[in-house]
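First up is the structure itself, then whatever we jot down about it.
Reminder, nothing fancy here: chain letters follow the sequence lines and each chain counts from 1.
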Number of protein chains: 2
Amino acid sequence: MAHKTVVTIADVAQRAGVSRTSVSRYLNGNLDNLSPGTATRIADAVRDLDYRPNAWARSLKTRHSGLIAAVVADLRNEHILAVLDGIEMAVNSQGYSLLISNAQNRLDYEEKTIERLIQQRVEGVILQPCDDRQSSAVQSLKREDIRVVLMDRSLDVVPAFDTVLLDNQDAVDQAMYHIIQQGYRQVLYVTDPPEHVTSRRERETAIKKQHHSTLNVSIFVRESSDASQFVQALQQWMAMSLKERGVIICANVATTLFTVAVLDQLHIQVPTDVGLLAIDDPPWARYVLGGITSIAQPTLDLGRIAAERLMGRIQDSHSNPGQVLRLSGRLIERRSTQHPHSL
Amino acid sequence: MAHKTVVTIADVAQRAGVSRTSVSRYLNGNLDNLSPGTATRIADAVRDLDYRPNAWARSLKTRHSGLIAAVVADLRNEHILAVLDGIEMAVNSQGYSLLISNAQNRLDYEEKTIERLIQQRVEGVILQPCDDRQSSAVQSLKREDIRVVLMDRSLDVVPAFDTVLLDNQDAVDQAMYHIIQQGYRQVLYVTDPPEHVTSRRERETAIKKQHHSTLNVSIFVRESSDASQFVQALQQWMAMSLKERGVIICANVATTLFTVAVLDQLHIQVPTDVGLLAIDDPPWARYVLGGITSIAQPTLDLGRIAAERLMGRIQDSHSNPGQVLRLSGRLIERRSTQHPHSL
DNA sequence: ATGAAAGCGCTAACAG
DNA sequence: CTGTTAGCGCTTTCAT
């Protein structure tokens, strides 16, 4: 097949018997300065030639690429899917296109991918940082004057980025309140390493606050995907909480699945032997173990709002950035926290 | 903040005291034609000025945007996550960036989004068609000479697109073989409407083939997300399969979740009252109902291979396209198909 | 209402 | 080894 020869604005102009300027005006909806006749002739030419404007050429002039990027910490995390959906909807409805990249929880990947995005001249970046230590890439974004909205997690050091995330404090409070209501005494909090991830730190901090003198909280940090350490910790904790009404709280979807697997392996019954509560509510939570009580996140909104914020900033750069928006979670009560002793 | 003035190749050239050409050569790794001294001075200038090449300007000249797009039928489908991950890895490792858009199962959205992608001058599109009827957008892609790889589903009418998908025939055969082994007699196949989705049609066709004269197959098509129709159909089917060893086969993740919900609602026990087998193996399948037997798809590979194919075509356009690659699924046997009668 | 001309930032002959 | 020159396809003053 012969190499396709690209149709340009000049071809359209020629065919319509007008100047490129007029065609350009037509394409950009500048119909004030066009006689109806010209407009029609241009429209015809565009259709006949099956012409499509070249976004790069336009961008070069207008400095408006129509590109927005989402950089996620870990694309395999089920939780992120609804968030991305929300972002995609918002972004597309405003005529932008969405670039997605996965940092795979590695700061160096995150930096590399952001560097590429800068060269692609994205107009804005929605970032779920995989590490709260300030990466050089984030500095670059600032220097290049590219808008950034932080999503799901924030960065400690960098000031003045808009941020949209779950109200972790409130989510944990809701969980704890429910737990106490159900008459539990012992809590085992299962989390991924909280060191450099703000959402995990916030949740852990909230957990550690003494909500009620009746509650005794232990924490297990999942350092590896190998279950043996957890098995040991769990058995130890169970031994002491057996007659004390124990409940496990999982910090996210991954630890929930991990915990369910171990409970299954050890033939520990929920809620008979132990209670279970998850932060975040994947679609299957209703059906595992007869229903897992959870704190549902407004994931779709999280994405949608982050994207809208970002596009707002792009269009109007003259307002104070650095706003933090915390969305509330919602307790969904299911069977996994119906402690039998509570009758 | 003053509007940031962009650093161009001219600035670098001036600072290094060389021509733009030399800088361009340096940036593109054309070091053969550069004296070490010049190269160093350029390198310094680039660093000092924190210069980043403008991808659009480059693309305009080279006709190489570095953009690849994935258009998925429904982003909310959990199944697609691993596929996207595979695509993202492959794409990024070759230095491309990935655009993602969601057709929301609507042909008109699919067309609109593809139209936008064409204008963004993507070099290739990985398409999971939401409908096998040939959309005009697909025609446009062909006319614009943009490479396309079909993923997960194919298009009936359009010839000559590379395609990567599950070997549906084989997947169903594996399922049926297992079912027969377990001594089941009655099968209820639950599927989403198969009309315009090739993968669903392929699976349904494979199901309908009489695998064994001992098997009696019924089919339920889920026309709406409302469960009442299914409840009725299920009870009717159960009545007749009670003493006959019945098993439900779900065509995908969505119908599996749907079915699990209804079984739960009706207090039907698995595998005591009925067996269950799912095509596709989401992470939670192990833990629901004590483990759901499933046919796992090589989702990550599906994405990775589709992306590699596409990039191969982009780099070397002179080979026969239209190759169809079918990847095999793998049976994972769990508790949900251990029919108690089979002892 | 319309067009001529000057770029946007980069690359690629071609000539030295 | 290096630089000059001419665009890539589009937008945008500024005239007319």
CD1 (B/Ile80) and CG (B/Leu302) are apart, to the nearest 0.5 Å, by 8.0 Å
For A/Arg63 and D/dT11, give me the distance from atom CZ to atom C1', rounded to whole Å.
-> 12 Å
Where is the tightest heavy-atom contact between B/Arg15 and B/Ala45, given as atom of each residue plus distance?
-> CG-CB, 3.7 Å
Answer with yes or no whether the side chains of A/Arg58 and A/Asn28 bring together a donor and an acceptor at under 3.5 Å.
-> yes
Who passes side-chain contact (heavy atoms from CB on, under 4.5 Å) against A/Ser136, sequence neighbours left out?
-> A/Glu111
Taken in chain and number order and not counting sequence neighbours, the residues that satisfy salt bridge (Lys or Arg N to Asp or Glu O under 4.0 Å) with B/Arg25 are none
Find out whether B/Val324 and B/Leu165 are in side-chain contact, i.e. whether some heavy atom of one side chain is under 4.5 Å from a heavy atom of the other.
-> yes
Sort me out a list of protein N/O and nucleotides 4-6 of chain C N/O pairs below 3.5 Å, or just none if empty.
unit_1, atom_1, unit_2, atom_2, d
C/dA4, N6, A/Thr21, OG1, 2.9
C/dA6, N6, A/Arg20, NH2, 3.3

Partners passing side-chain contact (heavy atoms from CB on, under 4.5 Å) against A/Arg133 (at least two apart in sequence or in another chain) | A/Asp131, A/His196
A/Gln14 atom CD: more than 12 heavy-atom contacts under 6.0 Å | no
Within this structure, what is the OH-to-C1' distance between A/Tyr51 and D/dG9, rounded to whole angstrom?
-> 7 Å
On a heavy-atom basis, the closest approach of B/Thr8 and B/Asp11 is N-OD2, 2.8 Å
For DNA chain C, what residues of residues 26-45 of chain A have any heavy atom nearer than 4.0 Å?
-> A/Asp32, A/Asn33, A/Leu34, A/Ser35, A/Thr38
With sequence neighbours left out, write down each residue that passes salt bridge (Lys or Arg N to Asp or Glu O under 4.0 Å) with A/Asp108, or none if nothing qualifies.
-> A/Arg106
Do the side-chain N or O atoms of B/Arg121 get closer than 4.0 angstrom to the phosphate oxygens (OP1, OP2) of D/dG9?
-> no
Could you check whether A/Ser24 gets within reach of a base, just the sugar-phosphate, or nothing at all, counting any heavy atom under 4.0 Å?
-> base
In chain order, what residues pass the salt bridge (Lys or Arg N to Asp or Glu O under 4.0 Å) check against B/Asp74, with sequence neighbours excluded?
-> none
Near-strand residues of residues 8-16 of chain B, defined as heavy-atom separation under 4.0 angstrom from DNA chain C = B/Thr8, B/Ile9
Quick one: list whatever passes salt bridge (Lys or Arg N to Asp or Glu O under 4.0 Å) with A/Arg326, sequence neighbours left out.
-> A/Glu202
Ranking C/dC10, D/dC10, C/dG9 by distance to the side chain of B/Val6, first place goes to C/dG9
Are B/Ser22 and D/dG3 close enough that a side-chain N or O sits under 4.0 Å from OP1 or OP2?
-> yes
Round to a whole Å and report the spacing from CZ of A/Arg58 to C1' of D/dT12.
-> 13 Å
For DNA chain D, whose closest nucleotide is more 5', that of B/Val18 or that of A/Ala57?
-> B/Val18
Indicate, with a heavy-atom threshold strictly under 4.0 Å, whether A/Val23 touches base, sugar-phosphate, or nothing.
-> nothing
Which residues share a side-chain contact (heavy atoms from CB on, under 4.5 Å) with A/Ile314, sequence neighbours left out | A/Ile68, A/Tyr96, A/Glu123, A/Arg147, A/Leu310
Residues forming a side-chain contact (heavy atoms from CB on, under 4.5 Å) with B/Glu78, sequence neighbours excluded | A/Glu78, B/Val253, B/Pro282, B/Pro283, B/Trp284
Atom pair distance, as rounded to whole Å: CH2 in A/Trp56 and C1' in D/dC8 | 10 Å
Rounding to the nearest 10°, end axes of the helix from C/dA1-D/dT16 to C/dG16-D/dC1 built from five pairs each make an angle of 30°
Calculate the interatomic distance between B/Asn54 atom CG and D/dC8 atom C1'; express it in whole Å.
-> 13 Å
